Number of protein chains: 4
Amino acid sequence: MELWFTEKQTENFGITAKVSRTLHTERTPYQQIDVLETVEYGRMLVLDGMVMCTDRDEFIYHEMIAHVPLFTHPDPKQVLVIGGGDGGTIREVVKHPRVERAVLAEIDERVIAVSQEYFPALSQGFADPRVKIEVGDGIAHVKANKDTYDVILVDSTEPIGPAEGLFAREFYEGIYEALRPGGVFVAQTESPLFNAALISRIWRDIASIYPVTRLYLAPVPTYPTGMWSFTLGSKGPDPLQAEGEDETPIDTRYYTPEVHRASFALPRFVEELLAR
Amino acid sequence: MELWFTEKQTENFGITAKVSRTLHTERTPYQQIDVLETVEYGRMLVLDGMVMCTDRDEFIYHEMIAHVPLFTHPDPKQVLVIGGGDGGTIREVVKHPRVERAVLAEIDERVIAVSQEYFPALSQGFADPRVKIEVGDGIAHVKANKDTYDVILVDSTEPIGPAEGLFAREFYEGIYEALRPGGVFVAQTESPLFNAALISRIWRDIASIYPVTRLYLAPVPTYPTGMWSFTLGSKGPDPLQAEGEDETPIDTRYYTPEVHRASFALPRFVEELLAR
Amino acid sequence: MELWFTEKQTENFGITAKVSRTLHTERTPYQQIDVLETVEYGRMLVLDGMVMCTDRDEFIYHEMIAHVPLFTHPDPKQVLVIGGGDGGTIREVVKHPRVERAVLAEIDERVIAVSQEYFPALSQGFADPRVKIEVGDGIAHVKANKDTYDVILVDSTEPIGPAEGLFAREFYEGIYEALRPGGVFVAQTESPLFNAALISRIWRDIASIYPVTRLYLAPVPTYPTGMWSFTLGSKGPDPLQAEGEDETPIDTRYYTPEVHRASFALPRFVEELLAR
Amino acid sequence: MELWFTEKQTENFGITAKVSRTLHTERTPYQQIDVLETVEYGRMLVLDGMVMCTDRDEFIYHEMIAHVPLFTHPDPKQVLVIGGGDGGTIREVVKHPRVERAVLAEIDERVIAVSQEYFPALSQGFADPRVKIEVGDGIAHVKANKDTYDVILVDSTEPIGPAEGLFAREFYEGIYEALRPGGVFVAQTESPLFNAALISRIWRDIASIYPVTRLYLAPVPTYPTGMWSFTLGSKGPDPLQAEGEDETPIDTRYYTPEVHRASFALPRFVEELLAR
């Protein structure tokens with residue numbers, strides 16, 4: 001049976017995946033949540049029609065948003081993940097033995113519940129005793145917790161809809177306040193090919209607040225263009241000087257210390273984008 | 001009007017692009033050639049239903065297949081491109097002032113003609129006086145030209161159809177013979193996510209012939225998974241020791257010396273793939 | 001979420017329906033059964049990728065395959081439905097008070113079970129005490145029950161796959177034997193626009209066996225071209241002389257006595273098709 | 001190459017046709033015009049993304065909009081076609097020897113020009129010396145030509161966009177004025193399955209103006225649901241009493257005198273729709 005899910009990543013381009021079953025569909029106060037069984041990528045979490053993660057390729061995104069900042073910070077004890085209700089990022093965070101507390105601030109508790117039901121491999125990290133789930137507005141959480149975190153990860157959906165405020169300058173300032181001295185934050189910042197203006201603007205915003213600003217890249221096949229950016233702001237440690245994995249190696253499928261360094265080697269057109 | 005081109009990159013996954021016009025369609029003795037005007041990626045060259053290149057993202061593939069080996073070899077005078085009838089690879093090759101002769105061995109002369117008509121930015125390199133076009137079988141050309149080339153680039157279509165022989169061990173041996181001492185060759189070798197077994201096999205084949213074997217990666221949004229591999233075999237120079245751009249900088253949009261090095265930092269799952 | 005079911009009705013044309021949920025999917029020894037919740041047509045029964053019926057438009061097909069022959073025969077006591085496991089045809093048959101026994105010979109019991117679970121409006125007729133379900137081969141049933149039925153309805157799937165034999169001349173001969181004197185049979189016979197050769201062949205076959213042969217048409221939006229044909233063979237009664245509804249009016253949404261007569265008024269190109 | 005045109009006939013249902021070439025694309029002051037070469041239906045004229053006609057099935061619509069009223073009127077000398085810039089309706093009109101003048105009032109002259117270039121079989125009627133093309137607003141033409149026509153055919157696009165006014169009560173009143181005594185008009189009035197409310201409203205509007213109002217149906221595979229309605233208003237002649245073809249038979253592929261009569265036999269749900 002020809003049953004296909006299509007995400008129009010732009011008005012004029014998309015990806016399309018054969019679906020064997022719909023597992024869940026739900027409209028929450030924040031968004032539409034769908035879980036699909038796809039033939040090629042396994043289970044797929046879809047929020048407002050956009051692919052958030054799939055069984056097959058989620059490891060790349062989650063490892064890269066988590067391990068790059070966590071290996072950049074020399075002693076990441078207190079970690080905050082904003083968004084990321086599927087749990088994939090928290091799962092990577094708790095692989096770090098130095099982490100003492102990992103808070104997840106997710107606005108939509110249904111994403112968490114759906115992930116726990118349909119994505120055990122993603123949501124397994126929630127079982128770690130160091131994890132604390134806070135259902136609520138990430139922006140408010142940041143404002144209410146000044147000088148608290150060593151690492152903050154902004155694992156948001158696209159900059160339209162419920163996550164719009166997570167791409168604003170004021171939010172990056174709030175994160176600065178919420179970080180302890182030497183703190184590091186990373187936000188997923190879309191594709192340099194499709195979202196050049198956004199990346200350029202975020203870069204300027206973060207660079208005007210943080211002494212160290214870096215952009216790194218990773219391939220995410222089911223995200224638009226498959227070429228994904230993360231922007232990092234740091235109060236001190238520079239990811240380019242990071243040692244990568246310390247004495248305790250982390251079990252990964254994508255991340256390695258070499259990949260850590262290589263991900264900051266930017267294509268010329270991206271360098272030019274940031275120099276605008 | 002909703003007119004969409006879809007490439008099923010596998011039986012169960014695809015990309016889909018809105019089309020404003022069909023510019024050309026033709027069945028040659030070797031394959032179906034189509035040229036589409038897409039809204040998102042500009043003109044698109046499609047062979048046997050598969051995207052070969054698009055105006056918007058072709059620079060990544062063509063720069064990476066050409067500049068990595070050309071900056072690895074200290075003095076690339078004689079260069080052979082097998083396949084690559086669109087001209088994008090040759091265009092990058094002739095950016096190197098040390099190149100004295102760049103031969104294109106393309107089996108389907110219609111690809112060349114179609115590119116010259118519809119893709120001036122790709123085919124401009126054909127005008128360079130150092131370029132020599134040989135319409136014919138690349139395998140035969142390699143056999144007939146022993147000890148001739150410094151750099152050989154295998155810019156093939158997928159390993160099904162007319163390009164099948166370009167992925168065979170015997171062909172890599174033929175290339176070894178066609179290379180002069182210190183020669184370097186590179187082949188495009190598909191996606192590590194969708195074509196793991198193929199990459200693993202090619203790696204073993206090349207490693208059994210060439211003293212230096214390396215795999216590097218680049219993102220190509222319109223290719224399957226967007227994560228593309230190139231496998232390099234060398235009679236001497238190691239791309240990891242290459243200086244990258246020498247005194248004469250090359251005009252690029254993706255390649256930089258840092259990107260050159262970074263492209264060899266392999267994700268753990270790719271490392272494991274090659275260690276099988 | 002853009003989740004669409006597409007039936008390629010031919011290699012080059014199809015219909016596509018937005019799906020909100022997959023309700024059931026199963027591979028039986030005979031075919032693939034899928035039940036989809038579509039936004040436009042409600043629930044949809046899909047066998048081997050082809051739409052069999054939908055909540056919204058099934059009434060047309062089922063009324064026309066049943067009431068035309070049942071109002072043609074003056075006293076239809078014994079009725080056989082071959083195929084039609086969804087129950088829609090039987091539901092119409094048992095609306096006729098003269099019917100004393102309605103046998104359903106369906107080869108795939110899973111179609112019956114799935115319809116009972118997901119299509120109560122279709123399968124309600126199974127509850128009628130006059131209905132007898134025979135799971136098994138319709139062709140064998142016909143052979144084993146000579147001189148038995150007043151009306152036989154061949155409610156088959158397409159002439160490829162499990163239903164192929166239901167379009168063969170031998171089968172129409174077997175039906176002739178199974179009919180009592182004055183008996184009438186009808187088969188669904190696809191679209192005159194897409195299946196001209198098939199219709200022409202069936203017409204000749206039936207006309208060579210039955211003294212009265214007629215073709216009639218009805219629109220079925222979710223079937224190929226939306227213009228559907230039924231071929232009727234009769235041992236005596238002529239549907240053109242039928243009175244249509246007798247004293248006991250039947251509750252219908254499509255069929256009327258006028259529609260009965262009008263459905264035999266054939267477009268010129270269909271007349272020509274039958275005259276070949 | 002998988003290149004498909006999809007018309008979403010509603011937000012949740014569509015048809016999809018494989019395209020071999022785009023022949024023409026143009027934005028006029030009134031609409032988007034596209035001409036596609038489809039594999040299944042031949043050339044396809046698409047206005048604002050909606051299929052207007054195709055080589056393969058256009059005969060049904062054009063014969064039925066023209067011959068039913070022209071055989072209803074005993075002496076159709078002066079005929080007006082509003083819309084219908086492709087020429088298919090005019091082609092049928094001029095098959096009637098009694099017609100002395102056939103005026104085409106089409107607002108978009110580009111539709112006429114495009115049809116003349118790409119649809120010779122449709123536009124051939126324009127060459128008839130009795131045809132007069134008036135580029136301009138059909139509503140204004142009707143107002144300016146009182147008591148002029150024997151038959152008026154409203155061959156409009158959908159009731160959204162440029163044709164909206166052609167579905168208004170005032171327009172039907174204007175047509176009444178433009179008709180001579182005994183005059184007959186027909187409008188295409190969409191699908192009873194998808195546009196029940198529209199048909200019901202038009203029926204009441206026309207019935208409140210014309211002494212004779214009739215609705216008839218014809219299958220048009222590439223129109224929504226494939227089941228198409230035409231509403232006829234008459235100052236005198238009743239199509240149910242029409243003789244159909246008179247002494248001079250007309251060359252047709254769909255229309256016959258029997259089909260003429262049968263097309264007025266309405267399914268029960270349509271009867272009920274009109275009785276609301």
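Every chain is numbered from 1 and lettered A, B, ... according to where its sequence line falls, protein lines coming before strand lines. Computed from a predicted model, the values in this text were never measured in an experiment.
Side-chain contact check for D/Phe13 versus C/Thr16: every heavy-atom pair is 4.5 Å or farther apart.
In this structure, chain C has a heavy atom under 4.5 Å from the side chain of D/Thr6, while its backbone stays farther away. Heavy atoms closer than 4.5 Å to chain D are found nowhere in C/Phe264, neither backbone nor side chain. For D/Tyr41, the part sitting under 4.5 Å from any heavy atom of chain C is the side chain, from C-beta outward, and nothing else.
When each of D/Phe5, D/Phe59, D/Phe194 is checked for heavy-atom pairs under 4.5 Å with chain C, D/Phe194 comes out on top. Contact count versus chain C (heavy atoms, under 4.5 Å) is highest, among D/Leu266, D/Val270, D/Thr222, for D/Leu266. The candidate from C/Gly226, C/Ala265, C/Ser263, C/Ser191 with the greatest count of non-hydrogen atom pairs under 4.5 Å with chain D is C/Ala265. Looking only at heavy-atom pairs under 4.5 Å with chain D, the residue among C/Gln9, C/Glu40, C/Lys18, C/Lys8 that has the most is C/Glu40. For the set D/Asp57, D/Val19, D/Leu193, the count of heavy-atom pairs under 4.5 angstrom toward chain C peaks at D/Leu193. Most heavy-atom pairs under 4.5 Å with chain D: of the set C/Met227, C/Glu7, C/Arg56, this distinction falls to C/Arg56.
With hydrogens and angles left out, the side-chain atoms of C/Thr256 and D/Arg268 include no donor and acceptor closer than 3.5 Å.
Rounding to the nearest 0.5 angstrom, the gap separating the CD1 atom in C/Ile60 from the OG1 atom in D/Thr225 is 8.0 Å. With rounding to the nearest 0.5 angstrom, the OG1 atom of D/Thr38 is 8.5 Å from the CG atom of C/Asn12.
In the displayed structure, D/Arg201 atom CZ is contacted under 6.0 Å by more than 12 heavy atoms of other residues, nucleotides or ligands.
Of all heavy-atom pairs between C/Trp4 and D/Glu11, the closest is CH2-O, 3.5 Å.
Proximity to chain C at a heavy-atom threshold of 4.5 Å picks out D/Pro219, D/Pro221 from residues 214-221 of chain D, in numerical order.
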